[in-house]
Protein chains: 2
Amino acid sequence: MPSPPELDSTDRAILRLLQKDAALSLAAIAAEVGLTPTPCWKRIRRMETAGIITGRVTLLDPAKVGLPLSVFVALEIGDHSAGWIEAFAKTVSEMPEVLECWRMGGDVDYLLRVAVEDMPAYDAFYRRLTATVPGLRNVTSRFAMERVKASTALPI
Amino acid sequence: MPSPPELDSTDRAILRLLQKDAALSLAAIAAEVGLTPTPCWKRIRRMETAGIITGRVTLLDPAKVGLPLSVFVALEIGDHSAGWIEAFAKTVSEMPEVLECWRMGGDVDYLLRVAVEDMPAYDAFYRRLTATVPGLRNVTSRFAMERVKASTALPI
DNA sequence: GACGCAACAGAAAGATTTTCCTGCTTTTCA
DNA sequence: TGAAAAGCAGGAAAATCTTTCTGTTGCGTC
């Protein structure tokens, strides 16, 4: 059975607002979507418990907190067993400088985005990664020059 | 002159908490860092006006809002003039399905992360991108199978 | 001893959350 | 087919909790 749309246009309007600014008051949201605060609150509550909203976070300026260098690391691996994959996911999840880790299809097996202070710090991370993770066949580091766009707002 | 550290250990503790959960009350933050709400509020206020805190956003589950496909697009360009670069940044910033766009050093000129509904939607995006942006020498699409880790919390 | 900074206590303003109510739509049953 | 009943979404108002602002104190420095 094709489940009915979980989100109507009002829900999506609320989400568009909250994706841009999680600190908006219910009164402001309500005015924007044409409701009173109470039904807005109930809708947000529902989307939170449904797992549609996964969290509210504070974003920082990477340069201003001393992490101006972003590196994308493409990994090719030798061992494709379920055990290796699980262990790798755990290892990488525990590395705080790895902000994103994607398992990919195609020529690259994993793609990481890493935030570090400078090149020596990246080298230290690189050594730690290659020492900790066994069976890496190829590691390609690509360095970001400029963050042209960095959004967390999905187009809904 | 080596500017004094803008952030002391209390500031960083507050930022670590707020990066994980922007909805924490001042009372909860204050208890965690060992202060009363008022100085916490002043510190947060200061970091907001200083641009260290760039915003508070709501995160959604991409699959649950109908955007389960993430694609990384590597671009190589022919024209490296300042005008082209500026126009490209503007074009890409206005495309809502492009969540991230990085200007890179090395073999790849730009790396994009794109969120779409499915493969036909990606194809439509691809056609629009290549039709809109002139002078692309090479476009390589890599498809994500699994989001192993996706964090917005910088390691401070 | 005076100054400046950071924290604190308490109060006022504002926001969130709850409770209860109304009207609409859908369902069910005679 | 019609009508009562149930369920759903929104709204008003009150209670609770938070944020924000005021003045004040304590500590370290000069």
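Per chain, numbering begins at 1; letters A, B, ... match sequence-line order.
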Practice task
Check every strand shown and say whether B:R43 touches a base, only sugar-phosphate, or nothing at a heavy-atom separation below 4.0 Å.
Solution key: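 Sugar-phosphate contact only.
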Handout entry: Gap between atoms CG and P, on B:D8 and C:dA7 respectively (whole Å)
Key =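 In whole Å, C:dA7 P lies 8 Å from B:D8 CG.
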Practice task
Would you kindly give the CZ-to-C1' distance between B:R46 and C:dA6, to the nearest whole Å?
Solution key: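 Spelled out: CZ on B:R46 to C1' on C:dA6 is 12 Å.
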Practice task
Check side chain to side chain contact (heavy atoms under 4.5 Å, CB included) between B:T49 and all other residues, then give those that pass, not counting sequence neighbours.
Solution key: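 Side chain to side chain contact (heavy atoms under 4.5 Å, CB included) list for B:T49, sorted by chain: empty.
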Practice task
Apply side chain to side chain contact (heavy atoms under 4.5 Å, CB included) to B:A23 and list each qualifying residue two or more places apart in sequence or on a separate chain.
Solution key: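 With neighbours one apart ignored, the set is A:R56, B:D21.
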Handout entry: A:K149 atom NZ, neighbour heavy-atom count above 12 within 6.0 Å
Key =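 Enclosed: over 12 neighbouring heavy atoms sit under 6.0 Å from NZ of A:K149.
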Practice task
Report the relative orientation of the aromatic rings in B:F72 and A:W102; use parallel for angles under 30°, tilted for 30 to 60°, perpendicular for over 60°.
Solution key: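 Ring orientation of B:F72 relative to A:W102: perpendicular.
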Handout entry: B:F143 and B:Y122 aromatic centres sub-6.0 Å
Key =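 Yes; B:Y122 has its ring centre under 6.0 Å from that of B:F143.
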Completion exercise
B/S/- along nucleotides 19-29 of chain D (protein heavy atoms under 4.0 Å) is SBB--------
